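On a predicted model such as this, the values are computed, not experimentally measured, just so you know.
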Amino acid sequence: MDFLRCIVERITFINEDNGFCVIKVKAKGFNDLVTIIGTMVSVNAGSILSLKGEWKNDSKFGRQFAAYEWEESLPATTYGMEKYLGSGMIKGIGPIFAKRIVQQFGADTLNIIEAETDRLTEVPGIGKKRIQMIKSAWQEQKEIKNVMLFLQDHGVNTSHAVKIYKTYGNDSVSIVKTNPYKLADDIRGIGFKTADKIAAKMGFDKESFVRCRSGILYALNELADEGHCYAARDQLIKTANELLEIEECIISITLDQMIKEKDVVFEDPGAIYIPSLFFSEAGTARRIFEVLNTPGYKPINDINKTICDLQNKTGIIYDQIQIKAINCAVQSKIMVLTGGPGTGKTTITSAIISAFAGRGMQILLAAPTGRAAKRMTETTGMEAKTIHRLLEFKPPDGYQRNGDNPLEGDALILDEASMIDIVLMHNLFKAIPDYMTVIIVGDVDQLPSVGPGNVLRDIIDSGAVPVIKLEHVYRQAMGSAIIRNAHRINNGVFPDLKPDKNSNFFFIQADDPAGIPDIIKQLCTKRLPAYYKVDPIRDIQVLCPMLRGDTGAVNMNIQLQAALNSSTLSLRRGGAEYRLRDKVMQIRNNYDKNVFNGDIGIISDVNLEDNTLTVSFDGVQVLYDIPDLEEVVLAYATTIHKAQGSEYPIVILPLTMQHYIMLQKNLLYTGVTRAKKVAIIIGSKKAIACAVKNNKVIERNTGLKDKLKKHAQPDIDAGGKIF
């Protein structure tokens, strides 16, 4: 064993899943910073570390010290204290205030904060409000440290320990000792595997009921993350068996008990649901039929006159399928309008709005994301809201619009419906009054929702409501190579990669994935901004099939941040750096901040005094503390899945055989159709061919279609007929 005593200069990288860190330190006898690697939870910049380990030479990163054992002590030097306080661990103290405090109190700084906090008023710029913030944050840090000391012995990383403390407070240790699997139930981000490691170190029996129960719920939630609403019983038992490594009969007995206690829901002939997903499916099906079976706005006596009036008003002569779509919309309580790009969905949606408005109907417009709602507003000239805003979501109270306080209006037009998962659709239909007309618009050939369910396809396939599918691509749209190739891809035909003079679809051959990032950087920094006069940060979006790999979103973000944003004003969280003017994406629904999974914004302010940053989401300013940044990632590049419902002026799609597992027709189709003006594919023709030929959509376990069929009434006219 080698020994090293050092002071932490900065945290370069933290793996939040296992606590693995890469740390830069100052050590006696070394002129340059030393790289330390190892699992070291709760370490902060400025801390003094005593390490046991060994020196290693990494072929890529050079000489490193691999730490196997470590002890942390508070910094004794003023330099260390300044680094420690400015690391973001104490809310209310950023790098600027840390410097002022240490300049004022010197070596007594930590004692002053501990015992005489009110003396911080002696520091310029610190008032009573900030002192109270520092007091509570310091006390919380002390308690967190105590919790961490306990949890550290059981393999829990820093971010999880903070979440545990925030959830349970001073009861954290006793709760963890009693039932560590409760962490998986109560705390987002802590799953079964983390809880199981803690339980194993505490001596919990592998066959205990609490462990089996937690493993089964974990398996169900993993399936939900993949888009499934339920698991077949045999499938669930097999999956849980692989996870728990115990006999299947014990899992089966546990599952029966969970069904009895209503921890899960069983539905014949063998589907096991998380309760929230079962009731979302059942509730959506029930509400659809309650709306269908309730008379709506007064019927139109002369539909032909309505069509003629619309044609005179818009100057558009509708073809037969478009007339059927308008006719169906005004005669139906619920209708689905689907079709690809250039088939006239926007035109017909506007015509339906005009037809409804001509009858004096009050019309509501909604879409699942802010960007989709904004685009709907631009194309219709009417205000469109996100579904969350339409339902007046207010944390922690939930949706203010519901069955007891329904929406007010005669018709709801819902766009980008392929993105809507079953839970959100259920909450929406709960708030739709029985008399309301509902028009559901979306492209069924795109990727399904990120969340569980396949709602739009299930509604179409159920035969419960009339469906109009627009298939004719109009001449004006056919002038766009993006639209032509999108339809070729959707029809399983290899796209035309030969650009003409006015083309907006380009292919760059690059068979070596390692060289593609440099090509993309060249496009983003020079060629595209110079030719198209665009802002490379706001107007160019790199869409990747996967997160990992040379051309995955993670690596491309690192490369593009360095190439496009030279700002030195930034905050760090773990190994991630967030710079002023960075493009970022929210990756979880945060109802307190009113920002949602997939929302993209620009960092508009970095406050080093408070260790906060502000992100502008389409002009709405949202404040983030350091711990909040786990919900935000760089968004110069993102996955195609995350780009659903959005459009960008210029889209760059790296497509290589590295992404073989994800190369599917609907993935490529969705990526190409995100481009408004220019689409560029960089990669190999072989990868494109693989994607185009792979028409096998991953089937999701969903029950909405069958529930709708089960409740279907024989008097629903044209149910399921695609005109």
Side-chain angles (χ1 to χ4, degrees), residues 292 296-359 361 363 365 376 379-382 410-418 437-446 456-457 459-480 482-493 669 673 712 715-723:
L292 281 170
Y297 208 77
K298 57 187 178 183
I300 290 180
N301 293 325
D302 188 353
I303 186 63
N304 292 325
K305 182 179 183 305
T306 300
I307 299 292
C308 287
D309 290 343
L310 282 173
Q311 292 183 146
N312 292 333
K313 180 182 177 181
T314 61
I316 298 171
I317 304 300
Y318 302 115
D319 63 22
Q320 186 178 11
I321 187 69
Q322 291 176 324
I323 291 172
K324 284 185 176 180
I326 299 167
N327 186 12
C328 186
V330 298
Q331 303 290 352
S332 305
K333 281 300 301 302
I334 301 177
M335 184 197 85
V336 172
L337 177 67
T338 187
T343 58
K345 289 198 305 296
T346 300
T347 298
I348 297 307
T349 299
S350 296
I352 291 168
I353 290 171
S354 295
F356 286 166
R359 301 168 70 191
M361 296 172 72
I363 305 161
L365 306 182
M376 197 179 188
T379 58
T380 63
M382 292 177 59
D410 301 305
L412 169 65
I413 298 179
L414 191 60
D415 200 11
E416 294 289 356
S418 64
T437 295
V438 182
I439 307 298
I440 301 171
V441 184
D443 186 347
V444 75
D445 293 318
Q446 286 188 25
L456 179 61
R457 184 168 292 280
I459 290 175
I460 291 173
D461 291 347
S462 71
V465 302
V467 178
I468 302 290
K469 185 172 185 180
L470 304 175
E471 295 182 299
H472 178 68
V473 183
Y474 291 91
R475 185 171 61 184
Q476 184 178 1
M478 284 301 288
S480 165
I482 293 174
I483 291 177
R484 290 199 308 273
N485 277 326
H487 284 279
R488 287 174 70 95
I489 291 165
N490 199 34
N491 291 325
V493 179
Y669 173 75
T673 55
D715 59 346
I716 296 176
D717 187 35
K721 182 179 179 183
I722 299 181
F723 292 98

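In this structure, Ile316 and Gln311 approach most closely via the heavy-atom pair O-CG, 3.2 Å. Here the closest non-hydrogen pair linking Asp443 and Pro341 is OD2-CD, 4.1 Å. The nearest pair of heavy atoms linking Thr437 to Phe356 is CG2-CZ, 4.0 Å. Heavy atoms only, all atoms of each residue included: Val444 and Arg457 are closest at O-NH2, 3.1 Å. For the residue pair Ser354 and Leu310, the shortest heavy atom distance occurs at CB-CD2, 3.3 Å. In plain terms, the two heavy atoms of Ala351 and Ile326 that are nearest each other are CB-CD1, 3.8 Å.
Between His487 and Thr343 there is a side-chain heavy-atom pair separated by less than 4.5 Å. Side-chain atoms of Leu337 and Cys328, non-hydrogen and from C-beta on, never get closer than 4.5 Å to each other. Side-chain contact between Gln446 and Glu416 is present, with at least one heavy-atom pair separated by less than 4.5 Å. Under the 4.5 Å side-chain criterion, counting only non-hydrogen atoms from C-beta, Thr349 is not in contact with Thr379.
In this structure, the separation between OG1 on Thr338 and CD1 on Ile459 is 11.5 Å, given to the nearest 0.5 Å. Between atom CG of residue Asn490 and atom CG of residue Asn485 there is a gap of 12.0 Å, rounded to the nearest 0.5 Å. Between Lys345 atom NZ and Lys469 atom NZ the span is 11.0 Å, to the nearest 0.5 Å. The distance from the CD1 atom of Ile323 to the CD1 atom of Ile307 is 6.0 Å, given to the nearest 0.5 Å. Annotation: the span from Ile468 atom CD1 to Ile352 atom CD1 amounts to 9.0 Å, rounded to 0.5 Å. Rounded to the nearest 0.5 angstrom, Asn491 CG and Asp445 CG are separated by 8.5 Å.
Between Ile363 and the choices Ile439, Asp410, Ile413, the side-chain contact (heavy atoms from CB on, under 4.5 Å) rule is met once, by Ile413.
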Side chain to side chain contact (heavy atoms under 4.5 Å, CB included) assessment of Val465 paired with Ile440: CA-CA 10 Å; Val465 302; Ile440 301 171; over 6 Å; no
Steps toward side chain to side chain contact (heavy atoms under 4.5 Å, CB included) verdict (Arg359, Val330): CA-CA 10 Å; Arg359 301 168 70 191; Val330 298; 4.0 Å; yes
